[in-house]
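To start, the structure under review is shown below, and the notes come after it.
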Amino acid sequence: PWSTVFIVTALFMLPGVAMTLLVQEPHRAAPPRTLREAVVEPFHEFITRQGWGSALLILAFLFFYKLGDSMCTALATPFYLDMGFSKTQIGLVAKNAGLWPAVIGGMLGGLWMVKIGINRALWLFGVVQVVSIFGFVWLASVGHHAEITSVELAQLAIVIGLEALGVGLGTVAFVAFIARTTHPAYTATQFALFTSLMAVPRTFANAATGWLVEMMGWTGFFMLCAALAIPGMLLLFK
């Protein structure tokens, strides 16, 4: 029953709460004494650090890096239904194939990033994100299945697993980049600003996804998502 599902979900939050209580907070800078120091100064420091040009480049990168990936999964369930999969099959295959690769991707991404650095990780994991979108292009090109067998379920699991792995890898490097970009004295406000901007594509760009699918079809839509993932990668040169 749903009540049990939500109780179990709530219990999964407890390890995170326990960690925040056990881990010592680093004391690098004095806490803000005024509202201006807490709100205005973080924005002022970010803009004046290397000028408007650098600030706008960082903000553009935060917006574009996961734009294609976010749009790709915005209408995932309607896409699976259009391909002929039942809700039960989507629930069993899609959710299991998506969860564990994302968790593994997050862990592996953290280990690899320590060895190769944040910038190289952003390149490598960004490529994995782009490649995973082409899995949806392939699935869409196959079209609607009259009958779903174990082969079709395996295909669905592979595509979803690759995409989830890309999300897990990419998110680790992306959040590390955001953390590195924040100033130690203004971490909370700047981190909130950057992570909020990171969520903008999912909120606003995804609003047009239904209209785009109606106009372009699933294959064209996923090709567009792959194309929209490129500008964020190109910004890595800067």
**Request:** Would you indicate whether Met216, at its atom CE, is surrounded by more than 12 heavy atoms from other residues, nucleotides or ligands within a distance under 6.0 Å?
**Result:** yes
**Asked** With ring centroids as reference points, do Phe6 and Trp2 lie under 6.0 angstrom apart?
**Response** yes
**Prompt:** Do Trp211 and Phe221 have their ring centres less than 6.0 Å from each other?
**Reply:** no
Are the side chain of [X] and the backbone N or O of [Y] linked by a donor-acceptor pair below 3.5 Å?
X	Y	result
Thr189	Tyr186	no
Thr171	Gly168	no
Ser86	Gln89	yes
Ser132	Gln129	yes

With side chains defined as the heavy atoms from C-beta onward, is the minimum distance between [X] and [Y] less than 4.5 Å?
X	Y	value
Ile160	Glu163	no
Ile230	Phe64	no
Leu212	Met71	yes

Relative to the ring of [Y], is the ring of [X] parallel (under 30°), tilted (30 to 60°) or perpendicular (over 60°)?
X	Y	answer
Tyr65	Phe61	tilted
Phe136	Tyr80	parallel
Phe79	Phe222	perpendicular

**Request:** Determine, step by step, whether Phe237 and Trp123 satisfy the ring pair (Phe, Tyr, Trp, His ring centres under 6.0 Å) criterion, reporting the C-alpha distance in whole Å, the side-chain angles of both residues, the deciding distance to 0.1 Å, and the verdict.
**Result:** CA-CA 10 Å; Phe237 284 114; Trp123 272 109; 5.0 Å; yes
**Request:** Measure across Ala176 and Ile118 and return the closest heavy-atom pair with its distance rounded to 0.1 Å.
**Result:** O-CD1, 3.8 Å
**Request:** Take Glu45 and Gln190, measure what side-chain hydrogen bond (donor to acceptor under 3.5 Å, both in side chains) needs, and give me the verdict at the end.
**Result:** CA-CA 10 Å; Glu45 187 279 329; Gln190 289 182 353; 2.8 Å; yes
**Residue of the set Leu75, Leu139, Val137 for which side-chain contact (heavy atoms from CB on, under 4.5 Å) holds with Trp218** = Leu75
**Message:** Hydrogens and angles aside, do Thr149 and Glu152 bring a side-chain donor and acceptor to less than 3.5 Å of each other?
**Reply:** yes
**Request:** Measure the spacing between CD1 of Ile133 and CG of Leu224 and express it to the nearest 0.5 Å.
**Result:** 9.5 Å
